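Heads up, the thing below is written out as structure tokens.
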Amino acid sequence: MEKTLSKQGETYFLNLRFLLILTVLIGNAIEPLIRQMDSVHALYLWIFTFHMPLFVFVTGYFAKGTLAGAAGRKTLLQIGMQYIIFQSLYSLLDMTVFRVQNIHHSFFAPYLLLWFLASHIGWRLLTLAMHKFNPAAQVVLSLVLGVLVGYLRLDGAWLSFSRTFVYLPFFVIGYHFSFDTFVHFFTKQKKRIAAAASALLLAIIAMYGLHMPEGWLFGSMTYMQLGHLEWYAGFYRIALYGLQFISGAAFLAWVPFRKRHITDLGRRTLYVFLLHGFVIRLAVISGLYNYMDHPLAVLMLIAGALCLAFALAQPVVRKITHPVIEPPVTWITRLERLTWSRPL
């Protein structure tokens, strides 16, 4: 049975989605500086403990009602078109304008942030494949797959294979998530405790966690690529899942339940996600980061990243870039009908 979104749940998750895209831009903006300032490094690690798991969780939640049938097929086609278009655009600009070195350009190797599109297709197909299991069994199975995929002797970045399975549990949980149950459970007192836990985690990372290997947080590498050939390497991922669940649940305390200005902006986070990489690349080649040697400059950089997110989420950006960001796919289905209707 297809699921529908409650109005309050939709509002909350739109708010969450925009807050998450803010953390994505902040994380990408400060990444070149994490070896220069411990405070920046701590903020970066803290963000990576929750922002992608929660983004996948939100994606799963909004997949309710569009996973199967005509709607699901249309969504898969559109994601595929987005991947082809932006993989081509980013690769072309890398070779001609940005001139980035040591990047392998291939449709089988998602370009940086585009791994999310490749994995999104995988999450939808895998969730459909598990539909005969009850929700609890689906979550357990996805966690097992997320742990086991690390043992494979392959390049985890190939078609975002590793991330697809590593983040699958968050998509499945989001898909089956009951907002009504969440509202009744997440009282004001629990929200305060969660907010305090989120801030405390940032402080703990700043004091004791700066040596945390970032590769584990990315989810893109197998245990072999991370330098762990031990039979028990999977337990590290289980521990990481625990950290991500705690950090993600704690961050939910910062999300407003009621409709705000960011609610409408949350409807256009895909535009922010796919377009901001061009600006980040321009900032890098412009030499801007050569002047990021003072905390005040970093604060200005973060403010700029926030402004960029708000700017790219404006309706005018959607109006201009809509054909590229959300390409029409009806012509594909029409072409398929014509092909199959021809007599042999």
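Since this is a predicted model, take the numbers as computed values, not measurements. Count residues from 1 along the sequence.
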Cluster link L243 to I204, ILVMFWY, side chain under 4.5 Å: no

Path from W158 to L126 over hydrophobic side-chain contacts below 4.5 Å: no

Backbone of T222 reached by a side-chain donor or acceptor of Q225 within 3.5 Å: yes

Over 12 non-hydrogen atoms of neighbours within 6.0 angstrom of CD in Q189: no

Any side-chain donor near an acceptor of the partner, E214 and H41, under 3.5 Å: yes

Parallel, tilted or perpendicular: rings of W123 and F116 (30°, 60°): perpendicular

Aromatic plane relationship, F48 with F218 - under 30° parallel, 30 to 60° tilted, over 60° perpendicular: perpendicular

Side-chain H-bond candidate by donor/acceptor type, T263 with T11, under 3.5 Å: no

Sidechain-backbone polar pair: N15 side chain, V255 backbone, donor-acceptor under 3.5 Å: no

N/O donor-acceptor pair under 3.5 Å between H294 side chain and L296 backbone: yes

Results of salt bridge (charged side-chain N to carboxylate O under 4.0 Å, His left out) for R281 - residues two or more places apart only: D94

Donor-acceptor pair between T269 and R17 side chains, under 3.5 angstrom: yes

Face-on cation placement of R260 at F18 ring, 6.0 Å and 45° thresholds: no

Validation row: L152, Y223 side chains within 4.5 angstrom (heavy atoms): no

H276 side chain vs F273 backbone, donor-acceptor pair below 3.5 Å: yes

Neighbour count >12 (heavy atoms, 6.0 Å) for atom CZ, F108: no

Q36 side chain to D293 side chain, donor-acceptor N/O pair below 3.5 angstrom: no

Derivation and outcome, side-chain contact (heavy atoms from CB on, under 4.5 Å), residues L20 and V24: CA-CA 6 Å; L20 289 174; V24 169; 5.5 Å; no

M95 atom CE, neighbour heavy-atom count above 12 within 6.0 Å: yes

Distance-only side-chain donor-acceptor flag, T66 / R124, under 3.5 Å: yes

Cluster link Y83 to L270, ILVMFWY, side chain under 4.5 Å: yes

Y167 and F57 aromatic centres sub-6.0 Å: no

N/O donor-acceptor pair under 3.5 Å between Q78 side chain and I325 backbone: no

Sub-4.5 Å side-chain heavy-atom contact between L226 and W216: yes

Check: H322/Y271 side-chain N/O donor and acceptor closer than 3.5 Å: yes

Hydrophobic cluster identity match, L299 and L25, side-chain contacts under 4.5 Å: no

is_close_aromatic(F13, F177), centroid dist under 6.0 Å: yes

Main-chain N/O of G9 paired to S6 side chain as donor or acceptor, under 3.5 Å: yes

Under 3.5 Å donor-acceptor, S286 side chain and A283 backbone: yes

Pairing of E10 and K64 as salt bridge, 4.0 angstrom limit: no

Atom pair CE (M221) and NE2 (H228), whose distance is rounded to the nearest 0.5 Å: 10.0 Å

Salt bridge (charged side-chain N to carboxylate O under 4.0 Å, His left out) partners for R237, two or more places apart: none

Side chain to side chain donor-acceptor pair (under 3.5 Å), paired with Q138, selected from H176, H131, K132: H176

Centroid separation W115 to Y111 less than 6.0 Å: no

Y61 ring center within less than 6.0 Å of Y175 ring center: no

Parallel, tilted or perpendicular: rings of Y236 and Y232 (30°, 60°): perpendicular

Partner of E326 by salt bridge (charged side-chain N to carboxylate O under 4.0 Å, His left out), out of R268, K319, R318: R318

Transitive ILVMFWY side-chain link L92 to F278, under 4.5 Å: no

CZ/F133: more than 12 non-hydrogen atoms of other groups inside 6.0 Å: no

